[in-house]
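Just below is one structure, and these are the notes that go with it.
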Amino acid sequence: MRKLAILGSTGSIGTQALDVAARHSDRFAVTALVAHSSSEKLFEQVRQFHPQIAALSVEPKEIPADIRESCQWMFGENVLLDVVRACDADDVLVSVVGVVGLAAVMEALACGKRVLLANKEPLVAGGELVTEAARKAGHPLLPVDSEHSAIFQCLQGSPEKGRVRRLILTASGGPFVDYTDEQLRAVTPQMAIKHPVWAMGTKVSIDSATMMNKGLEVIEAMNLFNLPQSKIDVIIHRESVIHSFVEFVDKSVIACMSMPNMRLPVQLAMTYPDRIESYAESLDLAKLGSLHFEYPDYKKFKCLSLCIDAAKLGESACVA
């Protein structure tokens, strides 16, 4: 039985992690739930999972009577750190949005807790700090992004540095991959959040539409896997069946494949180093028939180029 704290429990990744925990209640005890301001959704989660601690950054007008005394409640702008310090948890899933997650990741590692990382900005803005803290804590940083989870899995047989020739991150291309410059001038935020493959939060959906998301993932991969930017490539793969590749020095390539379902990388991080039954659809390559790949248009997706330029310049540029 692993005790799990979820920072960002009402978001896309947080709710999927809770779904995994509910389906495997013999393996997981949810001991802490933290949300920013989605109080009604958090109240329902508290009713279902009975955590020891529940918290909101934005304090609600009132706590419903039926759950007011059921757990310890925390509020305020420092609630992430307060919960990490106070919670009885083996694992902390950090699935909040933005650089606010950096301090929480560092605190969790300092407290000896294992970090399941779904928050991009801590590794982008604090890469060396975070990886060094993880080394000192003696825990692997367990990636929850499908691409980094895929690479993590592909490397299990050959973790030694020097055996990897390059990492290849796949990208769906987002909703605007085929748009002309003229069409791009007319896009709206509402169009941008309609991702063709993945159901994600608004911020990540916008980053995906601009491919800023993939640029951040390049920087993340550099820090997670201790490789220079020159050894990390990006390729468009619209079906999102191959989640990433690793090419080794002998030119053999290992890929991680499954039908698109974020519960798989979430579950793997939660159960690592074990694998357990999932409720995902099985991959049927004959039914799919074909998979497609193309190079990204770096002129169209300027945010991707911006991130790669920052990665080449170094950590301070990545922070900026």
Test log, rule salt bridge (Lys or Arg N to Asp or Glu O under 4.0 Å), inputs Glu294 and Arg238
CA-CA 9 Å; Glu294 59 198 279; Arg238 301 181 189 220; 2.9 Å; yes
Walk me through it: do Glu239 and His292 pass the test side chain to side chain contact (heavy atoms under 4.5 Å, CB included)?
CA-CA 7 Å; Glu239 294 88 355; His292 302 87; 2.5 Å; yes
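With a 4.5 Å cut-off on side-chain heavy atoms, Tyr298 and Ile308 count as touching. Two residues are said to be in side-chain contact when any heavy atoms from C-beta on lie closer than 4.5 Å; Val164 and Leu155 meet this criterion. In this structure the side chain of Val115 reaches within 4.5 angstrom of the side chain of Val94, judged on heavy atoms. Within the 4.5 Å cutoff, no side-chain heavy atoms of Leu117 are placed close to those of Pro143. Inter-residue side-chain proximity for Leu285 and Leu283 is flagged as met; some heavy-atom pair is nearer than 4.5 Å. His243 has its side chain out of reach of Leu169: every pair of non-hydrogen atoms, C-beta onward, lies at least 4.5 Å apart. When side chains are defined from C-beta on, Asp91 does not count as touching Lys3, because their heavy atoms never get closer than 4.5 Å.
Both Leu142 and Ile151 are assigned to one and the same hydrophobic cluster, defined by single-linkage of ILVMFWY side chains at heavy-atom distances under 4.5 Å. Under the 4.5 Å side-chain heavy-atom criterion for ILVMFWY residues, a single connected hydrophobic cluster contains both Leu7 and Met74. Phe225 and Leu216 fall into different hydrophobic clusters, where Ile, Leu, Val, Met, Phe, Trp and Tyr are joined by side-chain heavy atoms under 4.5 Å apart, directly or via other members.
Ring planes of Phe75 and Trp73: parallel class, angle under 30° (limits at 30 and 60°).
Here the side chain of Gln156 pairs a donor or acceptor atom with the backbone of Phe152 at under 3.5 angstrom.
Seen from the ring of Tyr279, Arg263 does not count as a face-on cation partner, given the 6.0 Å and 45° thresholds.
Screening Leu18, Leu116, Thr31, Asp90 against Leu4 for a side chain to side chain contact (heavy atoms under 4.5 Å, CB included) leaves a single residue, Leu116.
Note on Asp181 versus Arg185: no salt bridge recorded, every NZ/NE/NH1/NH2 to OD/OE distance being 4.0 Å or above.
By the side-chain contact (heavy atoms from CB on, under 4.5 Å) test, Asp284 is found to be paired with Ala286, Lys287, residues two or more places apart in sequence or in another chain being considered.
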